[in-house]
There are 2 protein chains.
Amino acid sequence: MTATGFETHDHSACISTALAAAETCCTEHRLQFTKVRRRVLEILLHEHRALGAYDILAVLAGEGLGAQPPVAYRALEFLVSNGFAHKIEKLNAYIACSLPGQDHSPVFMICRSCQTVVEAQTVLPAGQLAQVARDAGFDIERAVIEAEGTCPACRNSKDAASDAPGTKA
Amino acid sequence: MTATGFETHDHSACISTALAAAETCCTEHRLQFTKVRRRVLEILLHEHRALGAYDILAVLAGEGLGAQPPVAYRALEFLVSNGFAHKIEKLNAYIACSLPGQDHSPVFMICRSCQTVVEAQTVLPAGQLAQVARDAGFDIERAVIEAEGTCPACRNSKDAASDAPGTKA
DNA sequence: ATCTGTAATGTAATACTATATCAACCCGCA
DNA sequence: TGCGGGTTGATATAGTATTACATTACAGAT
Ligand SMILES: [Zn+2]
Ligand SMILES: [Zn+2]
Ligand SMILES: [Zn+2]
Ligand SMILES: [Zn+2]
């Protein structure tokens, strides 16, 4: 039931909450939450992982919502620039935001073994990175932070494997 | 004469130092610093900014060193995986490392107005980001950190412009 | 001196990611 | 009723990266 960490959670609630939040936010800001935009956010929320633009496009095409790249890219651009989704630069992929409405610089953790991508639930304090930039006289507006490593699940299964060395080696 | 910040520096010395360091490092680690690899590093060092793989390829092609994408990508892969260069994910571009031999997770600052990319000279301490990851049970191996903002030069010229409001507005 | 395995290259073709462009459309509004 | 902005549809194209396979270069073993 936790928000969206590496643990499991109530996924359908997670989807509907996020959709409702997006809807409200769009109404407030006079943004048009059109059919394609809504559907793309749904797809991202449903999969709950990073998807390539063409993965999304394939789903849309299967539903008759558009088959050309600009359809997907336009919707993604809308979602990203309004904070409902993020782009994972390292993967050229997109993922629904886990902290919508919080105006944050996202921090992602990408698992090398299972490719799971999780957005950190803790907002990174502006300390060290800002200091490094200040040393260089640079004004930071936004930052891409993407960590690669091993997620809890994969670490556990790796540990288990090394405990029991009977795996055909 | 400073290393490679936003300030100016002795560029030819900067190039030859870095090349010599790479050469030494390759000798020590039994790596083949071949003609193409060396040339690509030279190009990156010479330009001293982020270059796309196809920019590099164009130079190589002009010199008869190879005209097909894999030529550039192989050399870049070698340079990146041995720490002589980095990829800027946000730009799909490559840049020579400013801190070769230091085994660091690079931090880049990308200027929105002039597209200059500078690698921070301060190595980021492992504090906050590691803490955020630990909260999620995630083991970080590497991290991509790319900050977008305004470099000192562009900030100054912007300030000057707003001081003297006679620029056709 | 020849063999052999590995790393590096050469080359072509293709896959994947993203944008440019322009006409048509819809909707809120003067 | 007509205008203007944002959205959409459709085609084309640009930009980035990989696969595949043939070939060459070279170090170490025979
Ligand atoms: Zn987010
Ligand atoms: Zn994992
Ligand atoms: Zn570096
Ligand atoms: Zn600048």
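Reminder, nothing fancy here: chain letters follow the sequence lines and each chain counts from 1. This one's a predicted model, so the numbers in the text were calculated from it and none came from an experiment.
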Legend entry - Phosphate contact (dG10(C) OP1 or OP2) by Q68(B) side-chain N/O below 4.0 Å: no
| Can you tell me if the side-chain N/O atoms of R30(A) get under 4.0 Å from OP1 or OP2 in dG28(C)? | no
Residue set satisfying side chain to side chain donor-acceptor pair (under 3.5 Å) with E141(B), at least two apart, ordered chain then number -> R112(A), T150(A)
Exercise. Is the closest basic N to carboxylate O distance between R39(A) and E42(A) below 4.0 Å?
Worked result: yes
task = Give a yes or no on whether the ring-centroid distance for H11(B) and H9(B) is below 6.0 angstrom.
result = yes
Report yes if a side-chain nitrogen or oxygen of K87(B) is closer than 4.0 Å to either non-bridging phosphate oxygen (OP1 or OP2) of dA17(D); otherwise report no. yes
According to a strict under-4.0 Å criterion, is Y73(B) in side-chain N/O contact with OP1 or OP2 of dA15(C)?
no
Just N and O in the side chain of R74(A): are any of them under 4.0 Å from OP1 or OP2 of dA18(C)? no
From CG of D55(A) across to C1' of dA18(C) the rounded distance in Å is 15 Å
For Y94(B), which contact category applies under a 4.0 Å heavy-atom criterion: base, sugar-phosphate, or nothing?
sugar-phosphate
Short side-chain N/O contact to dT17(C) OP1/OP2 from Y54(A), under 4.0 Å: no
Note to self: With a 4.0 Å limit, can you tell me whether N92(B) has a side-chain N or O closer than that to the phosphate oxygens OP1/OP2 of dA17(D)?
What the structure shows: yes
Problem - Parallel, tilted or perpendicular: rings of H86(A) and H104(A) (30°, 60°) - result: perpendicular
The nucleotide from dT11(D), dG6(D), dA18(C) with an atom nearest the side chain of P70(A) is dT11(D)
